[in-house]
Amino acid sequence: GVGASLRAFAIAFERAGREAPNDDPDGPHAAVPTVIREPRDAAVRELLRRVHGDFCQAPRRFLIEGVRRLVDYQDAAYAALYLDRMAAVGRVGDDALAVETARHLALWMSYEDTIRVADLKTRDTRFGRVRSEARVGDEQVLAIAEFMHPGVQEICETLPAWLGRPLQRSGWLRRRIEAMTRKGRIVRTTSIRGFLMLYLVAGLKRWRRTTLRYADEQRAIDGWLRRIAATAAVNPQLALEVARCQRLVKGYSETHERGTRHFGLLMDVVDRAGAHLAPATVRELRDAALADEQGLAFKVALARHAPT
């Protein structure tokens, strides 16, 4: 199926380029809805009022989409935190920086943890989409098998911070869990047992704020935003490239771990070089970090640009 997928991607990419031209290779290509129905929840209505009353036109459609995404991901209070953070960025940057930060902050705040993955895998819309894509008839039975391979890191991150952090450092207990999870397992979400297993994990959403992963991600996000604000005061173009570096922090499990490591190394370069670092250098390092899974291009770029 690889060949067919690549051909479909190429056709979609070409069509998207024709319908939404943009000279900026990192800029927003996808159309974001700007008109939404009046929400029933008073807290969500208040969030939209803030978007229209407290922010300029340029980032507004991305802020609306960010609010929608984060209410779905967690709750209205979490979306309010998103707007609070964006208000601080708006005081130090221009429209371009506000737009890029609005996009990438919403993506980072809706990071993929085990709770989010379980939530998405148990939604009725997903079962409907799979039935449609597999062209399952009404008289046919659909069975979905998920290969789950949670590592020690994912388990620790889902636990409360006070429990997960010492477990990360525990030698014998960590090795014990690694031995138990090494092979992974197949979970059938179309079975009662498999569905309930993931449904219970998704239900941990109400306690997400207590997890180790939440604490680590929020600390990293705040550091990134402080770096953007400090850089914007002296080099707005560099701040824009720093905002776009969030693209490295994505995915789940090993993909997320690798991206986070590359993001940290890139931010070290920014911190050591100072606000007079060329924006093109950050862009080149970011593109290199995204070039291959092994990180070979990134190592070469770092050796060339990292200050000594």
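None of these values were measured; they are calculated from a predicted model.
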(request) Look at atom CD of Glu293 and say whether more than 12 heavy atoms of other residues, nucleotides or ligands are closer to it than 6.0 Å. (result) no

(message) Taking the side chain as everything from C-beta on, heavy atoms only, tell me whether Ile64 gets closer than 4.5 Å to His52.
(response) yes

(message) If the threshold is 4.0 Å, N to carboxylate O, is there a salt bridge linking Asp216 and Arg165?
(response) yes

(message) Please check if the number of heavy atoms outside Phe9 that lie under 6.0 Å from its CZ is greater than 12.
(response) no

(request) Give a yes or no on whether Leu204 and Leu212 share a hydrophobic cluster (residues Ile, Leu, Val, Met, Phe, Trp, Tyr; joining criterion: side-chain heavy atoms under 4.5 Å apart). (result) no

(request) Please examine the side chains of Leu120 and Arg123, heavy atoms only from C-beta on, and report whether any two atoms are closer than 4.5 Å. (result) yes

(request) Flag yes if more than 12 heavy atoms outside Arg185 fall under 6.0 Å of its CZ atom; otherwise flag no. (result) no

(request) Answer yes or no: is there a donor N or O on one side and an acceptor on the other, between the side chain of Arg45 and the main chain of Arg40, under 3.5 Å? (result) yes

(message) Would the distance check show the side chain of Glu65 and the main-chain N or O of Phe62 forming a donor-acceptor pair, the cut-off being under 3.5 Å?
(response) no

(request) Mark yes or no for whether Glu46, through its side chain, and Arg49, through its backbone, hold a donor-acceptor pair below 3.5 Å. (result) no

(message) Quick check: Trp108 with Phe263 (ring centres under 6.0 Å apart)?
(response) yes

(message) Tell me the closest heavy-atom pair linking Ala288 and Ala301, and the distance in Å.
(response) CB-CB, 3.8 Å

(request) Could you tell me whether Arg188 sits above the aromatic face of Phe195, with NZ or CZ closer than 6.0 angstrom to the six-membered ring centre and within 45 degrees of the axis? (result) no

(message) Quick one, Ile144 and Glu146 - any side-chain contact, counting heavy atoms below 4.5 Å?
(response) yes

(request) Taking the side chain as every heavy atom from C-beta outward, state whether Lys250 and His256 have any atom pair closer than 4.5 Å. (result) no

(message) For Gln153, run the side-chain hydrogen bond (donor to acceptor under 3.5 Å, both in side chains) check against Glu254, Arg213, Glu257, Gln168 and tell me which one passes.
(response) Gln168

(request) Test side chain to side chain contact (heavy atoms under 4.5 Å, CB included) on Arg304 and Glu284 and set out the steps. (result) CA-CA 11 Å; Arg304 184 166 61 251; Glu284 180 183 341; 2.4 Å; yes

(request) Give the cluster check for Trp162 versus Val152: same hydrophobic cluster or not, with ILVMFWY residues linked at side-chain heavy-atom distances below 4.5 Å. (result) yes

(request) Taking the side chain as every heavy atom from C-beta outward, state whether Glu100 and Gln246 have any atom pair closer than 4.5 Å. (result) no

(message) Between Gln218 (side chain only) and Ala215 (backbone N and O only), is there a donor and an acceptor less than 3.5 Å apart?
(response) no

(message) Would a single hydrophobic cluster contain both Leu81 and Val67, if residues Ile, Leu, Val, Met, Phe, Trp and Tyr are joined by side-chain heavy-atom contacts under 4.5 Å?
(response) yes

(request) Give a yes or no on whether the backbone of Gly251 and the side-chain of Tyr111 come within a donor-acceptor separation of less than 3.5 Å. (result) no

(request) Look up atom CE in Met148 and atom CE in Met197, then write down how far apart they are to the nearest 0.5 Å. (result) 9.0 Å

(request) Mark yes or no for whether Thr211, through its side chain, and Arg208, through its backbone, hold a donor-acceptor pair below 3.5 Å. (result) yes

(request) Compare all side-chain heavy atoms of Asp119 with those of Leu198 and state whether any distance is below 4.5 angstrom. (result) no

(message) side chain to side chain contact (heavy atoms under 4.5 Å, CB included) for Leu240 and Arg244? Distances and angles first, verdict last.
(response) CA-CA 6 Å; Leu240 189 61; Arg244 290 170 175 164; 3.8 Å; yes

(request) Hey, could you give me the CZ/CD distance between Arg126 and Glu133, rounded to the nearest 0.5 Å? (result) 9.5 Å

(message) Under a 4.0 Å threshold between the charged nitrogen and the carboxylate oxygen, would Asp138 count as salt-bridged to Arg131?
(response) no

(request) Take atom CZ of Arg219 as the centre, draw a 6.0 Å sphere, and report whether it contains more than 12 heavy atoms from other residues, nucleotides or ligands. (result) yes

(message) Nearest 0.5 Å, please: how far is CZ in Arg247 from CG in Leu107?
(response) 11.0 Å

(request) Please report the closest heavy-atom contact between Ala43 and Ala76, naming both atoms and the distance. (result) CB-CB, 3.8 Å

(request) Flag the pair Lys205 / Asp75 as yes when at least one side-chain heavy-atom distance between them is below 4.5 Å, and no otherwise. (result) no

(message) Please find the pair of heavy atoms, one from Leu302 and one from Leu285, that lie closest to each other, and give the distance.
(response) N-CD2, 3.8 Å

(message) Using every non-hydrogen atom in the two residues, find where Asn235 and Pro279 come nearest and quote the distance to one decimal.
(response) OD1-CG, 4.3 Å

(request) Rounded to the nearest 0.5 Å, what's the gap from CG on Leu159 to CG on Leu163? Could you check? (result) 5.0 Å

(request) Report the distance from atom CD of Gln237 to atom CG of Leu277, rounding to the nearest 0.5 Å. (result) 13.0 Å

(request) Check the hydrophobic clustering (I, L, V, M, F, W, Y; side-chain heavy atoms under 4.5 Å; chains of links allowed) and say if Leu70 and Ile115 are grouped together. (result) no

(request) For the pair Trp224 (side chain) and Cys245 (backbone), establish whether a donor and an acceptor sit closer than 3.5 Å, ignoring hydrogens and angles. (result) no

(request) Could you check if a side-chain atom of Leu83 sits within less than 4.5 angstrom of a side-chain atom of Leu63, using non-hydrogen atoms only? (result) yes

(message) Let's go through Leu290 and His262 carefully: what are the C-alpha distance in whole Å and the side-chain angles of both, what is the deciding distance for side chain to side chain contact (heavy atoms under 4.5 Å, CB included) to 0.1 Å, and is it a yes or a no?
(response) CA-CA 9 Å; Leu290 294 167; His262 288 171; over 6 Å; no

(request) Could you check Glu157 against Thr114 for side chain to side chain contact (heavy atoms under 4.5 Å, CB included), going step by step and ending with a plain yes or no? (result) CA-CA 9 Å; Glu157 290 173 345; Thr114 54; over 6 Å; no

(request) Please name the pair of heavy atoms, one in Cys56 and one in Asp95, separated by the smallest distance, quoted to 0.1 Å. (result) SG-OD1, 3.4 Å

(message) Looking at every non-hydrogen atom in both residues, tell me the closest pair between Asp292 and Ala297 and how far apart they are.
(response) OD2-N, 3.1 Å

(request) Check for a donor-acceptor pair, side chain of Arg286 on one end and backbone N or O of Glu241 on the other, with a separation under 3.5 Å. (result) yes

(message) To the nearest 0.5 Å, what is the distance between CG on Leu238 and OG1 on Thr231?
(response) 5.0 Å

(request) Could you tell me whether the side chain of Tyr78 and the main chain of Ser110 form a donor-acceptor pair under 3.5 Å? (result) no

(message) Is there a path of hydrophobic side-chain contacts, each under 4.5 Å between heavy atoms, that joins Val51 and Val89?
(response) yes

(message) Quick one: does any side-chain atom of Arg60 pair with a main-chain N or O of Phe55 as donor and acceptor, under 3.5 Å?
(response) yes

